[in-house]
Engineer: 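Before I ask anything, let me first share the structure, which is written out below as structure tokens.
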Amino acid sequence: MKNKKALYAVTIVISILLVLAIPLTLVLVGFATPSVYADSYYGELPLMYENIRSVKGKKIVIIGNSNVAFGVDSELIERELAADGLEYKVCNFGLYGAIGTKAMLDLSKNYISEGDIVIFSPEADAQSLSLYFSGLEAWRGVDGNWNMLSDLNGAGAIMTGSYPSFVAEKYKFKKSGAPQGAGVYARDSFNARCDMKNADRPYNIMSGGYDENNIIELDGGLLKKEFLTYVNDYYKHVVRAGAEMYFSFAPVNRTGVRDCSPATVEKFYSDIDDGLDFPIISDPNAYILDPEWFYDSNLHLNSAGMTLRSIKLTEDIKNVFGLTSPVKTEIPEKPDIPLPPDGELADDINAKYFTFEKRDGGYAAVSLTEEGKSLTKITLPAAYMGKRVVTFDRDVFAGNTLVKEITVPQSVRVLKDGAFSGCTSLKRLNLLHTSPDEISVGIKLLEGAANCKIYVSREAYANFVTNYYWGQYADRLYY
């Protein structure tokens with residue numbers, strides 16, 4: 001089997017090289033050099049893959065996106081099920097939405113065996129509920145474990161098209177330093193079971209308690225026909241393997257959901273139930289959680305939230321077996337969301353170019369003064385009236401056709417979608433943050449600022465490029 005899989009992988013690689021007629025130097029950089037992503041967040045994907053391939057005996061495979069990485073405690077679930085005589089190994093098989101739900105289905109498909117249980121838990125967003133697949137993100141994940149290529153169904157054309165970008169990025173990292181990962185976005189955040197148990201996620205770090213750039217829509221219309229067909233075909237394979245498959249809702253931040261009224265939630269449940277050929281085992285209302293349980297997005301749980309979600313999922317699995325005994329693990333206390341630390345901060349000289357209002361324990365810049373509007377190069381202040389400037393409103397710069405360079409201090413924790421819309425002269429956005437997890441970003445940051453490039457320090461560059469959120473701007477990041 002291993003030789004056959006290796007042969008398939010080699011065949012795909014040869015096909016890619018023949019199609020592109022890649023020079024030998026590109027081949028060597030791409031395939032013959034060690035992985036530069038092994039210590040980054042992407043470096044966990046090969047370990048998840050090897051874990052699911054090597055488990056002996058019956059297993060529960062939980063497939064999804066980063067909600068699974070941040071929200072499943074395999075050992076807790078195993079321990080609770082074992083107390084009722086259910087002996088399963090739990091495989092955490094969700095990492096990164098940008099890689100694509102399809103890729104996680106593909107990579108697990110051939111390793112589902114008789115007696116296994118598959119729990120499918122994708123996130124409630126258009127990307128995760130589609131056949132979206134990113135070739136560049138996939139290359140980062142499979143780098144150094146080429147066996148994975150053979151399990152990516154129908155990915156040859158996308159992988160081929162992304163290969164030159166992958167090689168260029170890898171070569172650049174060879175010169176500037178491989179990404180180690182920052183904060184929780186590093187391979188060593190995961191334990192040997194592929195659970196994010198080694199990272200400190202004590203409480204919600206989002207400005208205002210939720211991510212306003214990525215509001216969640218509980219909308220069954222996100223489920224496209226081709227995606228449902230693909231997932232239901234996967235289910236048929238699971239049945240042929242002698243296994244079972246169920247759907248479980250991913251946890252969502254109540255504050256970050258546009259509409260979680262009973263009617264909307266019921267319709268969302270009904271649309272999913274109608275589209276899937278396999279049963280739903282969870283109540284969506286049980287997974288709409290207060291913001292205190294989350295960490296850095298409306299889908300990523302903190303450590304206490306991981307325990308809560310794992311308890312809920314255990315209860316759902318036990319219900320499948322008709323077991324009514326209570327889970328023994330206690331639900332942790334809901335973590336408080338701390339305010340930014342107080343302190344006597346010197347007012348920033350740049351504060352005179354802005355107007356402010358109190359917000360989130362600090363200040364938000366809400367507009368430019370007349371003098372500020374005349375500047376072509378401007379730095380957001382780090383402090384005002386002795387407190388940190390933690391954010392700025394979209395209207396501060398939007399529509400400004402004069403400004404060419406903007407510098408954002410480390411105190412600012414979020415960049416809002418559309419913040420630079422209409423900034424047609426903007427060429428340079430400087431971030432003074434030493435780590436990408438110090439500042440969150442959405443998918444439309446530079447919409448309306450087509451000529452803008454993002455600059456970070458040389459030391460932080462690799463981690464920004466491969467960060468969960470900032471990776472989407474890799475082609476516009478510089479140092």
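The figures that follow rest on heavy atoms only: side chains count, while hydrogens, waters and symmetry mates do not. Residues: numbered from 1 along the sequence shown.
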Engineer: Would you say the ring centroid of H300 lies under 6.0 angstrom from that of Y468?
Structural biologist: yes
Engineer: Ignoring hydrogens and angles, tell me if any N or O in the side chain of R201 forms a donor-acceptor pair with the backbone of M306 under 3.5 Å.
Structural biologist: no
Engineer: Looking only at side-chain N and O atoms, does Y469 offer a donor or acceptor that is under 3.5 Å from a partner on N213?
Structural biologist: no
Engineer: I'd like to know if K453 pairs up with D475 as an ion pair, taking the criterion as any Lys NZ or Arg NE/NH1/NH2 lying under 4.0 Å from an Asp or Glu carboxylate oxygen.
Structural biologist: no
Engineer: Rounded to the nearest 0.5 Å, what separation is found between the CD1 atom of I454 and the CG atom of L429?
Structural biologist: 6.0 Å
Engineer: Looking at every heavy atom in both I119 and I60, which two are closest together, and how far apart are they?
Structural biologist: CG1-CG2, 3.9 Å
Engineer: Mark yes when over 12 heavy atoms from residues, nucleotides or ligands other than E226 sit less than 6.0 Å from its CD; otherwise mark no.
Structural biologist: yes
Engineer: Can the ring centres of F392 and F397 be said to be less than 6.0 Å apart?
Structural biologist: yes
Engineer: List the steps and the verdict of side-chain hydrogen bond (donor to acceptor under 3.5 Å, both in side chains) for T424 and N451.
Structural biologist: CA-CA 7 Å; T424 53; N451 299 315; over 6 Å; no
Engineer: What class does the angle between the rings of F464 and W470 fall in, given that below 30° is parallel, 30 to 60° is tilted and above 60° is perpendicular?
Structural biologist: perpendicular
Engineer: Cut-off 3.5 Å, side chains only: do D273 and S270 have a donor facing an acceptor?
Structural biologist: no
Engineer: Using atom types as modelled and distance alone, determine if a side-chain donor or acceptor of K404 lies under 3.5 Å from a backbone N or O of T401.
Structural biologist: no
Engineer: Main chain of N253, side chain of N298: is a donor-acceptor contact present, judged purely on distance under 3.5 Å?
Structural biologist: no
Engineer: Pair M48, L95 - check side-chain contact (heavy atoms from CB on, under 4.5 Å), show working.
Structural biologist: CA-CA 9 Å; M48 288 183 169; L95 187 67; 4.0 Å; yes
Engineer: Would you please say whether a donor-acceptor pair under 3.5 Å links the side chains of E370 and S374?
Structural biologist: no
Engineer: Calculate, to the nearest 0.5 Å, the distance between atoms CG and CD1 belonging to D106 and I99 respectively.
Structural biologist: 12.0 Å
Engineer: Where the side chain of N285 meets the backbone of V265, is there a donor-acceptor pair that is under 3.5 Å apart?
Structural biologist: no
Engineer: Charged N to carboxylate O under 4.0 angstrom, E357 versus R359?
Structural biologist: yes
Engineer: What is the minimum heavy-atom distance between S367 and V396, and which atoms define it?
Structural biologist: N-CG2, 3.7 Å
Engineer: With distance as the sole criterion, is a donor-acceptor pair present between the side chains of D195 and S74 under 3.5 Å?
Structural biologist: yes
Engineer: Hey, are the side chains of V231 and F120 touching, using non-hydrogen atoms and a 4.5 Å cut-off?
Structural biologist: yes
Engineer: Before accepting this row, confirm whether a basic side-chain N of the pair R187/E44 lies closer than 4.0 Å to the acidic partner's carboxylate O.
Structural biologist: no
Engineer: Check step by step if salt bridge (Lys or Arg N to Asp or Glu O under 4.0 Å) holds for K416 and E212.
Structural biologist: CA-CA 8 Å; K416 300 177 181 180; E212 63 179 284; 3.7 Å; yes
Engineer: Taking D393 for the side chain and D395 for the main chain, is one N or O donor matched with an acceptor at less than 3.5 Å?
Structural biologist: no
Engineer: Going through the checks in order, is the side-chain contact (heavy atoms from CB on, under 4.5 Å) test met by N67 and R309?
Structural biologist: CA-CA 10 Å; N67 81 86; R309 192 268 185 94; 2.9 Å; yes
Engineer: Within the distance-only criterion (no hydrogens, no angle test), does the side chain of N204 pair as donor or acceptor with the backbone N or O of G209 below 3.5 angstrom?
Structural biologist: yes
Engineer: Measure from NZ or CZ of R388 to the centre of the six-membered ring of Y363 and say whether it is under 6.0 Å with the direction within 45° of the ring axis.
Structural biologist: no
Engineer: L446 versus R476: any side-chain heavy-atom pair under 4.5 Å?
Structural biologist: yes
Engineer: For M159, does its backbone N or O pair with a side-chain atom of S162 as donor and acceptor, under 3.5 Å?
Structural biologist: no
Engineer: I'd like to know if D417 pairs up with R394 as an ion pair, taking the criterion as any Lys NZ or Arg NE/NH1/NH2 lying under 4.0 Å from an Asp or Glu carboxylate oxygen.
Structural biologist: no
Engineer: Quick check for you: to the nearest 0.5 Å, what is the distance between D296 atom CG and S440 atom OG?
Structural biologist: 8.0 Å
Engineer: Tell me, yes or no, whether the heavy-atom count around I331 atom CD1, taken from other residues, nucleotides or ligands under 6.0 Å, exceeds 12.
Structural biologist: no
Engineer: First locate atom CG of N430, then atom OG of S457, and finally report the distance between them rounded to the nearest 0.5 Å.
Structural biologist: 11.5 Å
Engineer: One pair to check against side-chain hydrogen bond (donor to acceptor under 3.5 Å, both in side chains): S189 and N198. What are the steps and the verdict?
Structural biologist: CA-CA 5 Å; S189 293; N198 295 342; over 6 Å; no
Engineer: Verify ring-ring contact (aromatic ring centres under 6.0 Å, His included) between Y287 and F249, making sure each step is shown before the conclusion.
Structural biologist: CA-CA 7 Å; Y287 290 84; F249 290 93; 7.4 Å; no
Engineer: Taking the six-membered ring for Trp, are the ring centroids of Y461 and Y479 within less than 6.0 Å of each other?
Structural biologist: yes
Engineer: Could you state the interatomic distance from CD (Q472) to NZ (K444), rounded to the nearest 0.5 Å?
Structural biologist: 11.5 Å
Engineer: A quick test of your reading: do over 12 heavy atoms of other residues, nucleotides or ligands sit less than 6.0 Å from OH of Y132?
Structural biologist: yes
Engineer: Between the main-chain N or O of M196 and the side-chain N or O of N191, is there a donor-acceptor pair closer than 3.5 Å?
Structural biologist: no
Engineer: Do N350 and T379 have a side chain donor and acceptor closer than 3.5 Å?
Structural biologist: no
Engineer: Apply side-chain contact (heavy atoms from CB on, under 4.5 Å) to residues F133 and L152 and explain how you reach the verdict.
Structural biologist: CA-CA 10 Å; F133 175 80; L152 291 172; 4.2 Å; yes
Engineer: Go through the side-chain N and O atoms of S310 and D73 and say whether any donor and acceptor fall under 3.5 Å apart.
Structural biologist: no
Engineer: Assess the side chains of E169 and Y37: does a donor N or O sit below 3.5 Å from an acceptor N or O?
Structural biologist: yes
Engineer: Aromatic contact between Y42 and Y96, with the criterion being ring centroids under 6.0 Å apart: yes or no?
Structural biologist: yes
Engineer: Check this for me: does any side-chain nitrogen of one of E315 and K318 sit under 4.0 Å from a carboxylate oxygen of the other?
Structural biologist: no
Engineer: Using a 3.5 Å distance criterion without hydrogens, assess whether the side chain of S66 forms a donor-acceptor pair with backbone atoms of G97.
Structural biologist: no
Engineer: May I ask you to say whether D271 pairs ionically with K267, meaning some side-chain N is under 4.0 Å from a carboxylate O?
Structural biologist: yes
Engineer: Any side-chain donor paired with an acceptor under 3.5 Å for Y353 and D348?
Structural biologist: no
Engineer: Which heavy-atom pair separates D200 from V184 by the least distance, and what is that distance?
Structural biologist: O-CG1, 4.4 Å
Engineer: Are there more than 12 heavy atoms of other residues, nucleotides or ligands under 6.0 Å from atom CD of Q410?
Structural biologist: yes
Engineer: Give me the atom names and distance for the closest heavy-atom approach of P335 to P202.
Structural biologist: CB-O, 3.5 Å
Engineer: With a 4.5 Å cut-off on side-chain heavy atoms, are S282 and Y246 touching?
Structural biologist: no
Engineer: Hey, is NZ on K172 packed in by over 12 heavy atoms from elsewhere, all under 6.0 Å?
Structural biologist: yes
Engineer: Between V252 and L289, is a side-chain contact (heavy atoms from CB on, under 4.5 Å) present by the stated rule, with each step listed?
Structural biologist: CA-CA 6 Å; V252 294; L289 305 175; over 6 Å; no
Engineer: Ignoring hydrogens and angles, state whether a donor on the side chain of N145 or E50 is under 3.5 Å from an acceptor on the partner side chain.
Structural biologist: yes
Engineer: Taking only Lys NZ, Arg NE, NH1 and NH2, and the carboxylate oxygens of Asp or Glu, determine whether K427 and E405 approach each other closer than 4.0 Å.
Structural biologist: no
Engineer: Can you measure from OG1 (T434) to CG (N463) and round to the nearest 0.5 angstrom?
Structural biologist: 10.0 Å
Engineer: Using a 3.5 Å distance criterion without hydrogens, assess whether the side chain of R458 forms a donor-acceptor pair with backbone atoms of Y478.
Structural biologist: no
